[in-house]
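Take a look at the structure below.
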Amino acid sequence: DAGVIQSPRHEVTEMGQEVTLRCKPISGHNSLFWYRQTMMRGLELLIYFNNNVPIDDSGMPEDRFSAKMPNASFSTLKIQPSEPRDSAVYFCASSLVSSSLQQYFGPGTRLLVL
Amino acid sequence: RKEVEQDPGPFNVPEGATVAFNCTYSNSASQSFFWYRQDCRKEPKLLMSVYSSGNEDGRFTAQLNRASQYISLLIRDSKLSDSATYLCVVSAGGGADGLTFGKGTHLIIQP
């Protein structure tokens, strides 16, 4: 069975560039979550969607970050302009229903901003 | 005070030994508790839920102490493959949106 798919797996960019991370949730899951993981702060929830609708984006660091979910099978997280402090591993996760407490994580995107 | 606190370790344990680590949480209204496992450079995966009565899954035992606001994970007869980071996860509500992750405890099983 296909799990959560993320692309790219690795991204190296220069400060000021736009970065777009992509996620395909598990088919049938209707909740999608974007997380960021760093050594200093651990795993932080950035935003989550229920049925393609953004529910809580209070974890989004600032206006440079934006996320969309145009349909049930695709979501993007965009950083514009990127900064070195954005370097982290970004995970996408999905769950079957919004009340499900078991989230399935994708392999993550390792982002390095120089 | 951090919402979910864990000893980062590393815990260096010989193969076959028993190891236990705890996690404390600050929100007394927390309702659901989990342990996730994360291998090096991999994504977190659910290891087990933690029930009020405690639960066991093979060599793994999880327990909850609501009075003291901590959960524990016990691993018996540890294997080399148990080497990983173990994340404590707490939910204040019934929805998946309320998950708060600890930073994890790094466990190294030595041959």
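In what follows, chains carry the letters A, B, and so on, assigned in the order in which the sequence lines appear, proteins first and then strands, with residues in each chain numbered from 1. The figures here come from the full heavy-atom set of this structure, side chains too, leaving out hydrogens, waters and symmetry mates.
One hydrophobic cluster holds both B/L87 and B/L99 under the rule that ILVMFWY side chains link at heavy-atom gaps under 4.5 Å. Clustering ILVMFWY residues whenever any of their side-chain heavy atoms sit less than 4.5 angstrom apart, transitively, puts A/Y104 in a cluster other than the one holding A/I5. Under the 4.5 Å side-chain contact rule for hydrophobic residues, A/M69 and A/I55 do not share a cluster. At a threshold of 4.5 Å between side-chain heavy atoms, the hydrophobic network of Ile, Leu, Val, Met, Phe, Trp and Tyr places B/I75 and B/F11 in one connected group.
Proximity to chain B among residues 107-114 of chain A is limited to A/P107, A/R110, judged by heavy-atom separations below 4.5 angstrom.
Members clustered with A/M40: none, using a 4.5 Å side-chain heavy-atom cutoff among hydrophobic residues.
Two residues are said to be in side-chain contact when any heavy atoms from C-beta on lie closer than 4.5 Å; B/Q38 and A/F105 fail this criterion.
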Sequence neighbours left out, cut at 3.5 Å: what donor-acceptor pairs do the side chains of residues 41-58 of chain B make with other protein atoms?
residue: B/N55; atom: OD1; partner: B/Y51; partner atom: N; Å: 3.1
residue: B/N55; atom: ND2; partner: B/S49; partner atom: O; Å: 2.6
residue: B/E56; atom: OE2; partner: B/R76; partner atom: NH2; Å: 3.4

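Within a 6.0 Å radius of CG in A/N71, more than 12 heavy atoms belonging to other residues, nucleotides or ligands are found.
Of the inter-residue distances, the one linking A/R41 atom CZ with B/F101 atom CZ reads 15.5 Å to the nearest 0.5 angstrom. In this structure, OG1 on B/T100 lies 10.5 Å from CG on A/L43, to the nearest 0.5 angstrom.
Checked against side chain to side chain donor-acceptor pair (under 3.5 Å), B/N27 has no partners two or more places apart in sequence or in another chain.
When heavy atoms are compared at a cutoff of 4.5 Å, A/E44 does not approach chain B at all.
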